[in-house]
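What follows is a single structure, written as structure tokens, with notes after it.
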4 protein chains.
Amino acid sequence: MNYNKVVLVGRLTRDPEVKQTINGTIVATFTIAVNRSNKRGNDEVDFIRIVTFSRLAEFVQNYLTKGRLVLVEGKLRINRWQTSDGQNRTTPEIWADQVTFMDKKDDVPIVPEAENEIEYDELFDNNDNDEPPF
Amino acid sequence: MNYNKVVLVGRLTRDPEVKQTINGTIVATFTIAVNRSNKRGNDEVDFIRIVTFSRLAEFVQNYLTKGRLVLVEGKLRINRWQTSDGQNRTTPEIWADQVTFMDKKDDVPIVPEAENEIEYDELFDNNDNDEPPF
Amino acid sequence: MNYNKVVLVGRLTRDPEVKQTINGTIVATFTIAVNRSNKRGNDEVDFIRIVTFSRLAEFVQNYLTKGRLVLVEGKLRINRWQTSDGQNRTTPEIWADQVTFMDKKDDVPIVPEAENEIEYDELFDNNDNDEPPF
Amino acid sequence: MNYNKVVLVGRLTRDPEVKQTINGTIVATFTIAVNRSNKRGNDEVDFIRIVTFSRLAEFVQNYLTKGRLVLVEGKLRINRWQTSDGQNRTTPEIWADQVTFMDKKDDVPIVPEAENEIEYDELFDNNDNDEPPF
DNA sequence: TTTT
DNA sequence: TTTT
């Protein structure tokens, strides 16, 4: 009974950083600048940290660079942690499950999100009446 | 450079229908009534057809019933097809990749959507400075 | 207890059409082609009809043209109607409440969506302790 | 060319707090707990701060209470501020433009979001051919 | 009926 | 064809 979805379009503030977890999973992180569309200028920005894993992280590593415009879909996480002197801190970040280019540069592969890989027209026998395909 | 996302909350108008594709994939479909929140009454409704596959379809088959309130996330598809006498028709439907209960009945399992199954706290060595965990 | 949200990114298949309602409200409609990102080519498309009103319709009329890439946010409506010989038909369309360019051409005004027009920094007295601004 | 949208479903951790800005605008804030749907238990939660203004804030003040399940739609803001001793801090929050109940208690008014208030059926002259209403 |  |  819970739901958490974020969709953002913005530009990379730097090239992504890539690390590996202790069990070998690749993790790519980057920050996007999302301008707040206010009428008189564009001085307000949110800098939002994006985290990607595995196959999506490899895509990010290989193709995303500073300045590119991307659409990011994922979940908002509010990470809670402590400083060395025991103060509580909070870091927001998006765990992305989809990243799509919104600008064209060189040709770049589409990153297939995790989903049903079924071909629609192969699904059913033809029907020959006035009903929709399902 | 394309994106397609739909999020709906509404009630099942009937129990789901379950079929199988010619290669054995299970397909469960149902319609939800999504009321348009107009101020003076609630007479306007959109009846929206939802299609689910595989594991999600099994979940739908096992737990969704007429009248239940669900959140559905997926993609809008406008299917084009022809009647037997050659007329063009169009059927909108949502190919869901997530279905979540919004009402409580008996206890029911969470359906895990396809996603990164990584445990956050196992990811990295502890850091002992004033930096966030990544 | 209902919710209906659609977010799409796609290209205009033609220039918008503009009409007026019987009481003078301007209505601009257009269709966007939203490609389904399948791996081996890009042959599958959804053609989705978008409807805008009033101030947003004027923006659409003035700045949107065939081929432009836009992000559209709105509600899915399944309109039910009858043909002249009494057959039931159904037409899906998106009633947009936000349209944003995703490609750059000439400079074009931002269309302010209906929202809270409050300036953040004018909101409160300065606080001079360790608390966030609210 | 920027976009920022968040949709969350979760429960209020406390009753909302209500303040006023220096120019009289009412501001209601509250925190929702959004559980991460992990398979083996439900120990992980994100506590996400929600900010509402004006009419929506009044609705929040009058009807939302601790424990209620709500759907919140809005924009993610990463507020940057400084502590009294000059340290930089960051506070994430959602500026909501829609809040909807997801549980039923007593009957409660629908809060109309800012949008086009046009009645569909009053829009056009009747058409009596095989075309959809627009 | 369709966009790149 | 329709849910609360």
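Per chain, numbering begins at 1; letters A, B, ... match sequence-line order. Since this is a predicted model, take the numbers as computed values, not measurements.
- Here B:F47 counts as stacked on F:dT2: its ring centre is under 5.5 angstrom from the base ring centre and the planes meet at under 30°.
- Distance B:R36 CZ to F:dT2 C1': 15 Å, rounded to the nearest Å.
- In terms of heavy atoms, C:V34 sits closest to C:G10 at CG2-CA, 4.3 Å.
- If you measure from atom CG of B:L12 to atom P of F:dT1, you get 19 Å, rounded to the nearest angstrom.
- No side-chain donor from either of A:Q98 and B:Y3 sits under 3.5 Å from a side-chain acceptor of the other.
- Taking the nucleotide of DNA chain E with the nearest heavy atom to each of C:R11 and B:N88, the more 5' of the two is matched to B:N88.
- When rounded to the nearest whole Å, the span between CG of B:D46 and P of F:dT1 equals 15 Å.
- Across the protein-nucleic acid pair, B:I78 atom CD1 and E:dT2 atom P stand 15 Å apart, rounded to whole Å.
- When the C1' atom of E:dT1 is taken as reference, atom CD of C:E17 falls 11 Å away, rounded to whole Å.
- What separates NZ of B:K66 from P of F:dT2 is a distance of 11 Å, to the nearest Å.
- No hydrogens or angles were tested; on distance alone, a donor-acceptor pair under 3.5 Å links the side chain of C:R14 to the base of E:dT1.
- The only option from A:N4, A:N2, A:V6 that meets the side-chain contact (heavy atoms from CB on, under 4.5 Å) definition with D:L8 turns out to be A:N4.
- Remark: C1' of E:dT3 and CG of C:L64 are 13 Å apart, rounded to the nearest angstrom.
- In the interface, the side chain of B:N35 is paired with the base of F:dT3 through a donor and an acceptor atom under 3.5 Å apart.
- Spacing between atom CZ of B:R68 and atom C1' of F:dT3 amounts to 13 Å, rounded to whole angstrom units.
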Steps toward side-chain contact (heavy atoms from CB on, under 4.5 Å) verdict (B:T65, B:Y63): CA-CA 7 Å; B:T65 48; B:Y63 298 106; over 6 Å; no
